[in-house]
Amino acid sequence: MSYPGKSREIQLASRPKGWPADENFRLTEVPVPELQDGQVLVRNTLMSVDPYMRGRMNDAKSYVPPFQLDQPLEGGAVGEVVESRSEAHKPGDTVLHSFGWRDYAVVDGKRARGIDTGLAPASAYLGALGLTGLTAWAGLTKVAGFKEGDAVFVSGAAGAVGSLAGQIAKALGAGRVIGSAGSPEKVERLLELGFDAAFNYHDGPVKEQLKEAAAGDGIDVYFDNVGGEHLEAAISVLNKYGRVAMCGAISAYNSTEPQCAPRNLFQAIGKELTLRGFIANSYNRYAGEFAGLMAGWLRDGKVSYDETFVDGLENAPRAFIDMMKGANRGKMIVRLA
């Protein structure tokens with residue numbers, strides 16, 4: 001393959017106010033720079049869109065810098081090395097890196113990780129075998145301190161992280177796993193994945209549905225992807241010494257006004273609850289341990305994963321917007337080639 005002169009990329013054209021819209025993104029063509037020593041040129045074939053990206057579209061201080069206007073967005077991607085000036089990679093290698101939202105990426109060889117597509121399809125390294133899976137496992141085990149026999153509630157459970165968190169809990173011996181989702185079809189899918197109970201949060205107050213799903217025994221662990229009403233409901237139903245892994249708050253990501261804290265937060269005192277936020281990158285040191293466990297669960301059929309595919313870089317903004325509105329089942333992935 002000859003060295004490409006130009007590459008398409010998706011830039012942030014303006015910062016969303018509330019829900020992101022098509023006009024916040026721009027598809028443009030830019031020159032591909034010549035490689036420097038230690039770099040590789042990657043032709044991206046798959047890229048991920050994830051809820052955390054919405055926060056990076058705001059000009060606000062956070063655990064990662066915001067996306068810059070008129071610059072390409074970033075995110076997990078898999079692709080083929082087409083030219084290399086790095087000793088770590090050669091042309092033809094399949095690598096994982098963080099420069100998605102573009103057809104071609106010039107990447108420091110140290111920031112590209114070779115992946116084994118003989119073990120699992122390349123897309124799995126954006127999901128179950130990647131940061132998504134690590135997020136689910138680390139949140140459950142390292143943050144929430146999961147113990148065998150725990151009753152676990154996962155919100156946003158049909159999403160990429162949530163669906164894995166519930167299955168991992170079952171694989172580790174949870175006494176009961178409950179999930180919430182936004183449609184009857186997603187509820188049915190959670191039951192197929194082995195959740196003991198699941199409910200549609202549109203069908204009524206989350207607190208009442210969660211109490212019913214817990215069958216009078218309460219919950220010990222809450223894996224929070226949603227925040228808001230879900231967090232308030234979980235605090236009400238958590239047992240003494242319950243633990244919350246605060247992974248995301250998708251209910252607030254597109255709000256134009258700050259959300260109030262859970263109105264029952266005082267219950268955390270009497271119940272001696274632990275509420276702990278986390279980001280997956282803080283647990284990268286466990287990536288090897290996690291990968292070994294997940295490979296075994298996938299091989300044994302204890303964990304499976306769903307993927308929703310959208311084709312074409314030009315459709316990546318729409319895939320992101322649809323994912324934020326819950327159109328996906330499992331991991332939302334854009335196929336670039």
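These numbers were taken from a predicted model, which means no experiment stands behind them.
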Discussion item. Check this for me, if you would: do Glu185 and Arg329 make a salt bridge, where the nitrogen-to-carboxylate-oxygen distance has to be below 4.0 angstrom?
Written reply: no

Fill in: Spacing of Ile178 atom CD1 and Phe195 atom CZ [to the nearest 0.5 Å]
10.5 Å

Discussion item. If hydrophobic clusters are built from ILVMFWY residues whose side chains come within less than 4.5 Å, do Val161 and Ile279 share one?
Written reply: no

Discussion item. Quick one about Asn44 and His97 (side-chain donor to acceptor, distance below 3.5 Å, no hydrogens or angles considered), yes or no?
Written reply: yes

Discussion item. Under a 3.5 Å distance rule, please check whether Gln167 uses its side chain to pair with a backbone N or O of Ser304 as donor and acceptor.
Written reply: yes

Discussion item. Around atom NZ of Lys240, are there more than 12 heavy atoms from other residues, nucleotides or ligands closer than 6.0 Å?
Written reply: yes

Worksheet item: Salt bridge check: are Arg243 and Asp150 linked by an N-O gap of less than 4.0 Å?
Response: yes

Worksheet item: Does atom NZ of Lys207 have more than 12 heavy-atom neighbours, drawn from other residues, nucleotides or ligands, at distances under 6.0 Å?
Response: no

Worksheet item: Would you say Arg43's side chain and Gly79's backbone share a donor-acceptor pair under 3.5 angstrom?
Response: no

Worksheet item: Hey, what do you get for CD1 (Ile333) to CG (Asp311), rounding to the nearest 0.5 Å?
Response: 11.5 Å

Worksheet entry | Under 3.5 Å side-chain donor-acceptor pair for Thr132 and Lys331 | yes

Worksheet item: Are Leu129 and Ile168 joined in one hydrophobic group, where the rule is that I, L, V, M, F, W and Y side chains link up if heavy atoms are under 4.5 Å apart?
Response: yes

Discussion item. How about CZ on Arg263, more than 12 heavy atoms from neighbouring residues, nucleotides or ligands closer than 6.0 Å, or not?
Written reply: no

Worksheet item: Does atom CZ of Arg111 have more than 12 heavy-atom neighbours, drawn from other residues, nucleotides or ligands, at distances under 6.0 Å?
Response: no

Worksheet entry | Flag side-chain contact, heavy atom, 4.5 Å: Leu46 against Arg335 | yes

Fill in: Distance-minimising heavy-atom pair for Gly218 and Asn239
CA-OD1, 3.4 Å

Practice prompt. Search all heavy atoms of Ala181 against all heavy atoms of Leu190 and return the closest pair with its distance.
Written response: CB-CD1, 4.1 Å

Worksheet entry | Residues Asp50 and Tyr52: side-chain donor-acceptor under 3.5 angstrom | no

Worksheet item: After noting the C-alpha distance and the side-chain angles of Thr117 and Tyr125, does the key distance pass the side chain to side chain donor-acceptor pair (under 3.5 Å) rule?
Response: CA-CA 9 Å; Thr117 55; Tyr125 291 89; over 6 Å; no

Discussion item. Is the ring pair Phe199/Phe153 parallel, tilted or perpendicular, if the boundaries are 30 and 60 degrees?
Written reply: parallel

Discussion item. Checking side-chain polar atoms at under 3.5 Å, does Ser123 have a donor or acceptor matched by the opposite partner on Glu307?
Written reply: yes

Worksheet item: CG of Leu275 to OH of Tyr222: how many Å apart, nearest 0.5 Å?
Response: 10.0 Å

Discussion item. Less than 4.0 angstrom from a charged side-chain N to a carboxylate O is my criterion; do Asp306 and Arg189 meet it?
Written reply: yes

Worksheet item: Can Ser180 and His230 be counted as having a side-chain donor-acceptor contact under 3.5 angstrom?
Response: yes

Worksheet item: Is the NZ or CZ atom of Lys325 positioned over Trp19's six-membered ring, under 6.0 angstrom from the centre and within 45° of the axis?
Response: yes

Worksheet entry | Enclosure of Glu314 CD (heavy-atom neighbours >12, cutoff 6.0 Å) | yes

Worksheet item: Could Lys142 and Tyr286 be counted as a cation-pi pair, given that NZ or CZ must be under 6.0 Å from the ring centre and within 45° of the axis?
Response: yes

Worksheet item: Is there side-chain contact between Tyr253 and Met57, with heavy atoms separated by less than 4.5 Å?
Response: no

Worksheet item: Does a salt bridge link Lys6 with Asp103, judged by any charged N lying under 4.0 Å from a carboxylate O?
Response: no

Discussion item. Below 30° counts as parallel, above 60° as perpendicular, anything between as tilted: where do the rings of Phe320 and Trp101 land?
Written reply: perpendicular

Discussion item. Taking Gly248's backbone N and O only, do any of them form a donor-acceptor pair with Asn225's side chain (distance below 3.5 Å, no angle check)?
Written reply: no

